[in-house]
Amino acid sequence: MKFEQRKDLLGIKELQREEIDQILDTAVPMKDIIKRDIKKVPTLRGKAMVTIFYENSTRTRTSFELAGKYLSADTTNLAVSTSSVQKGESLKDTIRTIEMMGFDLMIMRHSMTGTPHYVARNTSMRVINAGDGANEHPTQALLDMYSIREKKGRLDGLKVAILGDILHSRVARSNIYGLSKYGCEVRVVGPSTLIPPGMEKMGVKAYYSLDEALNGVDVINVLRVQRERQEIGYFPSLDEYSDLYMLRTEHLLRAKDDVMILHPGPMNRGVEISSEVADGIQSAINEQVTNGVAIRMALLYMMMGGAKDEIAN
């Protein structure tokens, strides 16, 4: 199956490996565009996209809007805090109104799991899930996988540790679904209260000791401690969390010599990651930001019908 045949991107779980490869391959020339002095190409001229985020976002929303502008699509952000949603308008009516304005594609983030799926079933617009509840964040996983493949030259058979708040993390779930399709050994590590039961059913090894989890790994993906999602205390204090699970330079000695460090951002320095690691030579965190724009450019191009010869213009 070619990815272009899909109407929507709602999760990594539903994608075939060949579709992921196609997206990652398409992002390569998109990254070349970002490096140019003149970044704009006419590929999606005449197409219109809208971002609608019911949760706060900086990187994801901005990178989608920038990706659209680089490809010459008309981009609009619906500010939920000042929209008719605050006046009691239903989600279905909001989506219907947006659709009637002529948009081709919608990027949505919502705190409730499954909301982008509901929207996709009730609109002719293409829909990209920019994060739904604690379910999935597919474009973050795609940019993580692109970053790994770019640096390591492959995805197959790598050992990847995902560190931190697995329970609330849609990033972790999407990465697990994606990396598993390439035969990666995926490990999750964190406090027992932040690792959901049944992880082995996803083909994942759960660890509670950071030193054990990092033994021989190729990649460490550090997750943000999501204070806003923790209605109850999942660990006694941030100080205790950092004592036990903050990634420090000495922990990297247990990993492969060429281990790479990822973080979806924004980082809580001194909580889940030390500044020495975040700014160290193994870190690909800044490169992830650029790769995120490239991946989202690739998706917009593939989903809104860009022509291949226009990429080079």
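Nothing here was measured: the structure is a model prediction, and the numbers come from that model.
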- Carefully, step by step, assess K47 and L71 under the rule side chain to side chain contact (heavy atoms under 4.5 Å, CB included). CA-CA 10 Å; K47 299 292 185 178; L71 295 173; over 6 Å; no
- Message: Between I98 and T94, does the side chain to side chain contact (heavy atoms under 4.5 Å, CB included) criterion hold? Intermediate values first, please.
- Response: CA-CA 6 Å; I98 293 172; T94 297; 4.0 Å; yes
- Verdict with reasoning, I148 to M260, per side chain to side chain contact (heavy atoms under 4.5 Å, CB included): CA-CA 8 Å; I148 295 170; M260 70 180 296; 4.1 Å; yes
- Task: Test E14 against R6 for side chain to side chain contact (heavy atoms under 4.5 Å, CB included), laying out the working first.
- Result: CA-CA 11 Å; E14 65 194 36; R6 290 188 181 271; 3.9 Å; yes
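Across all their heavy atoms, Y241 and G164 have their closest contact at OH-CA, 3.1 Å. Here the closest non-hydrogen pair linking R59 and P264 is CD-O, 3.7 Å. Across G102 and A48, no two heavy atoms sit closer than the pair O-CB, 4.3 Å. Across all non-hydrogen atoms, the minimal contact from S237 to E240 is OG-N, 3.1 Å. Taking both residues in full, the closest heavy atoms of L91 and T115 are given as CD2-CG2, 3.4 Å, listed atom of the first, atom of the second, then distance. Of all non-hydrogen atoms in M246 and V271, the two that sit nearest each other are CB-O, 3.2 Å.
R224 places no side-chain N or O within 3.5 Å of a backbone atom of H263 that could act as its donor or acceptor partner. The backbone N or O of A213 lies less than 3.5 Å from a partner atom in the side chain of R187, making a donor-acceptor pair. Judged by distance alone, the side chain of S283 and the main-chain N or O of D279 form no donor-acceptor pair under 3.5 Å. Distance alone, capped at 3.5 Å, is enough to place a donor-acceptor pair between the R173 side chain and the I166 backbone. Judged by distance alone, with hydrogens and angles left aside, the side-chain atoms of D104 form no donor-acceptor pair with the main-chain N or O of M49 at under 3.5 Å. Using a distance-only test at 3.5 Å, with no hydrogens or angles considered, a donor-acceptor pair links the side chain of S242 to the main chain of D239. In terms of modelled atom types and a separation under 3.5 Å, the side chain of R296 and the main chain of A67 share no donor-acceptor contact. Side-chain atoms of S72 never come within 3.5 Å of backbone atoms of T43 as a donor-acceptor pair (strictly under, hydrogens ignored). Of the possible polar contacts, one joining the D132 side chain to the G114 backbone as a donor-acceptor pair under 3.5 Å is found. Checking side-chain atoms of E136 against main-chain N and O of L10 turns up no donor-acceptor pair under 3.5 Å.
From F64, atom CZ reaches atom OG1 of T75 across 12.5 Å, with rounding to the nearest 0.5 Å. Interatomic distance, CE of M303 versus CG of L105, reported as 5.0 Å (0.5 Å rounding). Expressed to the nearest 0.5 Å, how far CG of L223 lies from CD of E272 amounts to 8.5 Å. Going from atom OG of S63 over to atom CD of Q288 covers 12.0 Å, rounded to the nearest 0.5 Å. Remark: Q140 CD to R170 CZ distance equals 10.0 Å, nearest 0.5 Å. To the nearest 0.5 angstrom, L262 atom CG is 12.0 Å from L163 atom CG.
Here S57 pairs with F53, T60, R61, R109 under the side chain to side chain contact (heavy atoms under 4.5 Å, CB included) rule; sequence neighbours left out.
The 12-atom threshold is exceeded at CG of D93, counting heavy atoms of other residues, nucleotides or ligands nearer than 6.0 Å. Atom CG of L253 has more than 12 heavy atoms from other residues, nucleotides or ligands within 6.0 Å. Residue D243 qualifies as enclosed at atom CG: its count of foreign heavy atoms under 6.0 Å is above 12. Shown here is K152, whose NZ atom has more than 12 heavy atoms of other residues, nucleotides or ligands within 6.0 Å.
When each of H110, M125, M106 is paired with V119, the side-chain contact (heavy atoms from CB on, under 4.5 Å) condition holds for M106 and for no other. With T139 as the partner, the side-chain contact (heavy atoms from CB on, under 4.5 Å) test is satisfied by one option alone out of D144, I23, I128, I12: I128.
Two residues are said to be in side-chain contact when any heavy atoms from C-beta on lie closer than 4.5 Å; M202 and S180 fail this criterion. Counting heavy atoms from C-beta outward, E18 and Q22 have side chains that stay 4.5 Å or more apart. The shortest distance between side-chain heavy atoms of K31 and T290 falls below 4.5 Å. In this structure the side chain of E150 never reaches within 4.5 angstrom of the side chain of V28, judged on heavy atoms. Side-chain contact between L142 and L9 is present, with at least one heavy-atom pair separated by less than 4.5 Å. Proximity of M30 to L300: side-chain heavy atoms (C-beta onward) are nowhere separated by under 4.5 Å. Within the 4.5 Å cutoff, no side-chain heavy atoms of M101 are placed close to those of T76. Residues I176 and V188 form a side-chain contact, since some pair of their non-hydrogen atoms from C-beta on lies under 4.5 Å apart.
Sorted by first and then second residue, the side chain to side chain donor-acceptor pair (under 3.5 Å) pairs with a member in residues 244-253 form an empty list; sequence neighbours excluded.
A single hydrophobic cluster is not seen to contain both V289 and I285; linkage of ILVMFWY side chains at heavy-atom distances under 4.5 Å, directly or through other members, places them apart. When hydrophobic clusters are built by joining Ile, Leu, Val, Met, Phe, Trp and Tyr residues whose side-chain heavy atoms come closer than 4.5 Å, directly or via intermediates, I107 is not grouped with M112. L194 and Y207 fall within the same hydrophobic cluster, defined by Ile, Leu, Val, Met, Phe, Trp and Tyr side-chain heavy atoms under 4.5 Å apart, directly or through other members. There is a path of hydrophobic side-chain contacts, each under 4.5 Å, that joins L158 to Y182.
Residues T51 and E65 have side chains that bring a donor and an acceptor to within less than 3.5 angstrom of each other.
With respect to the salt-bridge test (charged N to carboxylate O, under 4.0 angstrom), the residues D25 and R149 qualify. By the 4.0 Å N-to-carboxylate-O rule, E287 lies too far from K151 to be salt-bridged with it. Checked for salt-bridge contact, K181 and D21 miss the test: no charged N lies under 4.0 Å from a carboxylate O.
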